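Quick caveat, the model's predicted, so the values are computed rather than measured.
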2 protein chains.
Amino acid sequence: MAVSRTEQILNSAEQQCRKQGVRMTPQRKQVMSLMLEQGGPQTAYQLLDQFKARYQSNAQPPTMYRALDFLVQQGLAHRLSSTNQYLACDHITCQHGHRGTVFLLCDQCGGVQETPMAGAAVDELQQTLDEVGFVIQREPLLEVHGRCVDCAAS
Amino acid sequence: MAVSRTEQILNSAEQQCRKQGVRMTPQRKQVMSLMLEQGGPQTAYQLLDQFKARYQSNAQPPTMYRALDFLVQQGLAHRLSSTNQYLACDHITCQHGHRGTVFLLCDQCGGVQETPMAGAAVDELQQTLDEVGFVIQREPLLEVHGRCVDCAAS
DNA sequence: CCTTGTTTTGTTATGTTATAACATTACCCA
DNA sequence: TGGGTAATGTTATAACATAACAAAACAAGG
């Protein structure tokens with residue numbers, strides 16, 4: 001293919017940022033690129049090591065955390081708080097604004113599967129929120145731990 | 001009232017442990033008691049400070065983390081991974097085995113509201129899991145961030 | 001009882017994750 | 001082209017969590 005999937009997503013991310021009036025700087029792009037190439041979830045320090053190896057050998061933790069915060073803010077990445085990991089969003093190129101995301105985290109192989117939260121669940125949640133007057137500030141992320149189909153078999 | 005709510009819950013917790021064939025030691029009970037009295041979510045180190053002040057001045061982090069791990073394992077407490085906090089389970093005394101719990105976390109006042117995950121949401125989630133063959137290992141916890149009704153008003 | 005295996009607790013040290021604070025540089029735009 | 005804002009660099013440290021091993025408490029059969 002002429003344009004790799006990583007490039008496609010990076011371009012799409014850049015457009016989204018322009019639309020939001022925020023800056024996708026080279027540094028942020030490099031971090032996102034690392035996330036996309038690895039594919040799976042990674043800790044900030046793992047990403048920092050790669051970033052140092054590849055782009056800037058003297059980089060410090062705040063550099064990575066700032067980039068990650070930015071990407072998460074923009075919805076370009078997710079933070080998995082139950083494992084302290086970060087992950088490029090799987091659905092950047094699709095249109096639907098997410099109203100909820102489910103992550104299936106395999107405790108054996110460390111893999112993650114990302115799926116949109118189903119409609120009824122989102123509606124029910126919204127109803128609960130309305131009942132108690134709770135105003136949401138971030139897209140809800142549900143982190144479900146267990147075994148993926150491959151690991152469950154073995 | 002003759003018996004405080006805290007005592008009620010502690011007794012109920014003790015019974016549950018006996019049924020499971022695990023030991024609710026004095027130390028574990030003390031930690032749970034601290035969680036119940038505070039009411040809101042607290043970090044392990046906050047609880048450790050209280051534990052030292054109240055029960056054992058030389059206690060170290062592993063002591064607290066062990067007790068917390070035990071209580072979470074037994075379903076007597078929850079860990080809020082998005083805020084690194086721990087919280088006594090609100091529904092110990094009610095019967096229904098939870099199949100999912102939603103936490104509404106107010107980012108302004110730090111309060112938490114705990115509600116069972118609604119039925120359809122749980123069913124939908126189970127369906128998703130079945131589709132991909134994912135086998136769950138812990139009760140799913142959904143941590144939703146925002147503003148509670150009081151803080152949203154102000 | 002006593003002794004033996006298991007669970008719990010004590011203790012020291014250290015690993016891992018994340019941010020505060022302030023200096024410097026790059027960028028935007030009037 | 002200067003002045004404000006956003007981003008990055010840099011140092012230090014805060015906050016969260018666990019490894020590893022020693023000692024004590026417990027429970028259960030002989």
Novice: Check residues 141-153 of chain B and write down every donor-acceptor pair under 3.5 Å in which the side-chain atom is one partner and the other belongs to a residue at least two apart or another chain.
Specialist:
residue	atom	partner	partner atom	Å
Glu143(B)	OE1	Ser81(B)	N	3.4
Glu143(B)	OE1	Ser82(B)	N	2.9
Glu143(B)	OE1	Ser82(B)	OG	2.5
Glu143(B)	OE2	Ser81(B)	N	2.9
Glu143(B)	OE2	Ser81(B)	OG	3.4
His145(B)	ND1	Asp107(B)	OD1	2.7
His145(B)	NE2	Ser82(B)	OG	2.8
Arg147(B)	NE	Gln108(B)	OE1	3.2
Arg147(B)	NH1	Gln108(B)	OE1	2.7

Novice: Taking only side-chain nitrogens and oxygens of Arg79(A), does any of them come within less than 4.0 Å of OP1 or OP2 of dA18(C)?
Specialist: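 For dA18(C), OP1 or OP2 has a side-chain N or O of Arg79(A) closer than 4.0 Å.
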
Novice: Is the shortest side-chain N/O distance from Tyr65(B) to OP1 or OP2 of dA19(D) below 4.0 Å?
Specialist: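 Result: no.
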
Novice: Tell me: CG of Leu68(A) to C1' of dA7(D), nearest whole Å?
Specialist: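 To the nearest whole Å, that distance equals 15 Å.
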
Novice: Side-chain N or O of Asn84(B) versus OP1/OP2 of dA15(D): is the shortest distance under 4.0 Å?
Specialist: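 It does not, given that no N or O in the side chain of Asn84(B) lies less than 4.0 Å from OP1 or OP2 of dA15(D).
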
Novice: dA25(D) phosphate, OP1 or OP2: any side-chain N/O from Thr25(B) under 4.0 angstrom?
Specialist: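 The answer is no; no side-chain N or O of Thr25(B) sits under 4.0 Å from OP1 or OP2.
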
Novice: Between P on dT19(C) and CE on Met64(A), what's the gap in Å once rounded to a whole number?
Specialist: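 Atom CE in Met64(A) sits about 14 Å away from atom P in dT19(C).
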
Novice: For a quick check of understanding: with a heavy-atom distance under 4.0 Å over all strands, which category does Phe70(A) fall into, base, sugar-phosphate or nothing?
Specialist: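 It contacts nothing in the nucleic acid.
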
Novice: Under 4.0 Å, heavy atoms only, any strand: does Gln56(A) hit a base, just the sugar-phosphate, or nothing?
Specialist: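 Result for Gln56(A) = sugar-phosphate.
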
Novice: Are there more than 12 heavy atoms of other residues, nucleotides or ligands under 6.0 Å from atom CD of Glu37(B)?
Specialist: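 Counting other residues, nucleotides and ligands, CD of Glu37(B) exceeds 12 neighbours.
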
Novice: Any side-chain N or O of Tyr55(A) under 4.0 Å from OP1/OP2 of dT8(D)?
Specialist: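 Checking Tyr55(A) against dT8(D): no side-chain N or O falls below 4.0 Å of OP1 or OP2.
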
Novice: Are Tyr65(A) and Leu48(A) in one and the same hydrophobic cluster, where Ile, Leu, Val, Met, Phe, Trp and Tyr link if side-chain heavy atoms are under 4.5 Å apart?
Specialist: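 Yes, Tyr65(A) and Leu48(A) fall within the same hydrophobic cluster.
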
Novice: Do other residues, nucleotides or ligands put more than 12 heavy atoms under 6.0 Å from the CD atom of Gln38(A)?
Specialist: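 Enclosed: over 12 neighbouring heavy atoms sit under 6.0 Å from CD of Gln38(A).
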
Novice: Return the value, rounded to whole Å, for the distance between atom CD of Gln30(B) and atom P of dT9(C).
Specialist: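 Taking CD of Gln30(B) and P of dT9(C), I get 10 Å after rounding.
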
Novice: Nearest whole angstrom, please: distance from the P of dT10(D) to the NZ of Lys52(A).
Specialist: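 Spelled out: NZ on Lys52(A) to P on dT10(D) is 13 Å.
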
Novice: Just to be sure I understand the rule, does Arg23(A) reach a base, reach only the sugar-phosphate, or reach nothing, if contact means heavy atoms closer than 4.0 Å?
Specialist: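 Arg23(A): backbone/sugar contact only, no base atoms under 4.0 Å.
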
Novice: Does OP1 or OP2 of dG9(D) have a side-chain N or O of Thr63(A) closer than 4.0 Å?
Specialist: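 Yes, Thr63(A) has a side-chain N/O under 4.0 Å of OP1/OP2 on dG9(D).
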
Novice: To the nearest angstrom, how far is Arg28(A) atom CZ from dA26(C) atom P?
Specialist: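 Spelled out: CZ on Arg28(A) to P on dA26(C) is 16 Å.
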
Novice: Would you mind reading off the distance between Gln73(B) atom CD and dT8(C) atom C1', rounded to a whole angstrom?
Specialist: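 It is 15 Å, rounded to the nearest whole Å.
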
Novice: Distance check needed: dA6(D) C1' versus Met24(A) CE, whole Å only.
Specialist: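 The distance from CE of Met24(A) to C1' of dA6(D) comes to 16 Å, rounded to the nearest Å.
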
Novice: Closest-nucleotide mapping onto DNA chain C: is Pro61(B) or Gln27(B) further toward the 5' terminus? I mean the 5' end.
Specialist: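 Its nearest nucleotide being more 5', the pick is Gln27(B).
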
Novice: For Pro62(B) and for Pro26(B), locate the closest nucleotide of DNA chain C by heavy-atom distance; then report the residue assigned to the nucleotide nearer the 5' terminus.
Specialist: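 The residue closer to the strand's 5' end, by nearest nucleotide, is Pro26(B).
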
Novice: Can you see if the side chain of Asn58(B) gets near the phosphate of dG10(C) - specifically, an N or O under 4.0 Å from OP1 or OP2?
Specialist: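 For dG10(C), OP1/OP2 do not have a side-chain N/O of Asn58(B) under 4.0 Å.
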
Novice: Is it the case that dA17(D) (base atoms only) and Tyr45(B) (side chain only) share a donor and an acceptor within less than 3.5 Å, ignoring hydrogens and angles?
Specialist: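 Side chain to base: pair found, below 3.5 Å.
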
Novice: Are Gln60(B) and dT11(C) close enough that a side-chain N or O sits under 4.0 Å from OP1 or OP2?
Specialist: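 It does not, given that no N or O in the side chain of Gln60(B) lies less than 4.0 Å from OP1 or OP2 of dT11(C).
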
Novice: How would you label the contact of Arg66(A) with the nucleic acid (heavy atoms, under 4.0 Å): base, sugar-phosphate, or nothing?
Specialist: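 Contact class for Arg66(A): base.
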
Novice: How about Arg5(B) and Leu36(B): do any of their side-chain heavy atoms sit closer than 4.5 Å?
Specialist: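 When only atoms from C-beta onward are counted, Leu36(B) and Arg5(B) do not touch, as no gap falls below 4.5 Å.
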
Novice: Roughly how many Å is it from NZ in Lys29(B) to C1' in dT8(C), rounded to a whole number?
Specialist: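 Atom-to-atom, Lys29(B) to dT8(C), this comes out as 17 Å.
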
Novice: Given the rule that I, L, V, M, F, W and Y join up when any side-chain heavy atoms are under 4.5 Å apart, are Tyr86(A) and Ile9(A) in one cluster?
Specialist: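 Tyr86(A) clusters together with Ile9(A).
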
